[in-house]
Amino acid sequence: MEKIRVNLGENSYNINVGSGILKEFGAALKKVNSYEKIVVITDPLVNELWGGILRSSLKSEGFSFDVIEIPRGERYKNLQVAFKIYDKLVQLEVHRDCCIIAFGGGVIGDLAGFVAATFMRGTYLVHVPTTLLAQVDSSIGGKTSVNHPKGKNLIGVFYQPLFVNCDIETLTTLPQKEISTGLAEVIKYGVIEDEDFFKFLEANSHHLNTKAFEDADTLKAALKVWQTIVSESCKIKARIVEQDEKEKGIRMVLNYGHTIGHAIETVTKYSMYNHGEAVAIGMVAAAMISKEMGMLDEVAVNRIKVLLEKLKLPTGVDALSANKIINGLKVDKKIREGRIRFVLPKKIGKVEIRDDIPISVVRRVLKTLGCK
Ligand SMILES: NC(=O)c1ccc[n+]([C@@H]2O[C@H](COP(=O)([O-])OP(=O)(O)OC[C@H]3O[C@@H](n4cnc5c(N)ncnc54)[C@H](O)[C@@H]3O)[C@@H](O)[C@H]2O)c1
């Protein structure tokens, strides 16, 4: 198991990354603190697939606990569901010394994190992420949120957990789409911070699909590769978050691919591409904009595209309107004083934030990607 420290002063914590570590979760929890009550918040599928291991690890350390199940899906990440959880916590007579365990993907992490941050002005929180996206991204950095009918993640607070427990083995039950979604963020880390990590992904792309989980030999090799991928991704995100806990500056580099990706999600009303797919298209768009601006060479643009394609992510769009995407960009959170901010690669492993990109360049790139 690898321990990655996130240094945030009194809010510092560890991310544990290892294969099979869910079995030792109870012991890890005991080492960190004592708790008046433990409440696990999860969804029915995660509970069915992996809940047995979590429950026996808690029981074997003598913990008693309650489990709250939330239906699966983004549409349950809202204030009404948060309120139902508060009701249940009141009924369970939960106090501030309670520990909430967010056990599932990013939806459960954001929702349970938001509840932990707000109930009784804050209970203890531990993340046990079970999707790739949650392990490499959403469980790190303390962003918790629920959606508002007018937009995703509009209501939320920064709230750091006591620790994060990433068991690589939980990834083996994910469908390919969830693996690909998480991989978009993983590739992002390579492009923004670490060319060697990007090269590692290029060299190991054949392990990064659900087929690799199907027989014992390929599974063993794949788990080794996933261990490196999750650990390195957590380190990169942790180093960025440490410099900018509340997203006032450098943390914005994590938005590489998200400017156009988010506009695509908005224009298609989240129906055509999942988040990772939209980010993948956004990363290609940003690389092409960078090339048009004379900042990045063609070879690097192609490396990004080829890797995304190998990992079953899209690199173009199907006849969306360029104008609609550009209008979508103008209402994005990443706008400051009317200027659209793009995170643009200068080489693989280094990016620059720019807010002076002519709309004509953005339009030209969108058309090359397949927009009308
Ligand atoms: N807080 C942050 O910094 C941050 C960053 C990125 C994304 N997010 C949020 O994360 C959410 C998306 O997270 P996600 O991609 O994990 O989706 P998700 O939480 O919806 O999980 C996807 C599906 O995978 C299932 N699942 C979970 N673990 C599984 C496992 N081990 N095996 C099989 N199935 C499993 C779940 O039941 C769910 O239906 C969004 O709400 C997004 O806004 C937050």
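In listed order, ligands and their atoms are each counted from 1. Because only heavy atoms are used, hydrogens play no part in the values below, and waters and symmetry mates are left out as well, while side chains stay in. From a predicted model like this one, the values you see are computed outputs, not experimental measurements.
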Subject >> Thr131-Glu178 side chain donor-acceptor pair, cut-off 3.5 Å >> reply: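 Result is no, nothing qualifies.
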
Original post:
Do Arg339 and Asp355 sit within salt-bridge range, that is, some charged N less than 4.0 Å from a carboxylate O?
Top reply: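 Counted as a salt bridge, because a side-chain N and a carboxylate O are separated by less than 4.0 Å.
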
**OP:** Sort out the contact shell of ligand 1: every protein residue with a heavy-atom distance below 4.0 Å, listed by chain and number.
**Re:**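 Within 4.0 Å of ligand 1, the protein residues are Asp43, Leu45, Val46, Leu49, Trp50, Arg72, Glu74, Lys77, Gly105, Gly106, Val107, Asp110, Thr130, Thr131, Leu133, Asp137, Ser138, Lys143, Lys152, Asn153, Thr170, Thr173, Leu174, Glu178, Lys237.
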
Original post:
Mind checking whether Tyr124 and Tyr35 have ring centres under 6.0 Å apart?
Top reply: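 Yes, the ring of Tyr124 comes within the 6.0 Å limit of the ring of Tyr35, centre to centre.
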
**OP:** Not counting sequence neighbours, which residues clear side chain to side chain donor-acceptor pair (under 3.5 Å) with Asn302? List them please.
**Re:**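 Expected list: none.
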
Original post:
With Ile155, which residues qualify under side chain to side chain contact (heavy atoms under 4.5 Å, CB included), at least two apart?
Top reply: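 Side chain to side chain contact (heavy atoms under 4.5 Å, CB included) list for Ile155, sorted by chain: Leu79, Phe114, Val146, His148.
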
Original post:
Of all residues at least two apart in sequence or in a different chain, which pass the side chain to side chain contact (heavy atoms under 4.5 Å, CB included) check with Ala287?
Top reply: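 Partners of Ala287 under the side chain to side chain contact (heavy atoms under 4.5 Å, CB included) test: Tyr256, Leu296, Val301, Ile304, Pro345.
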
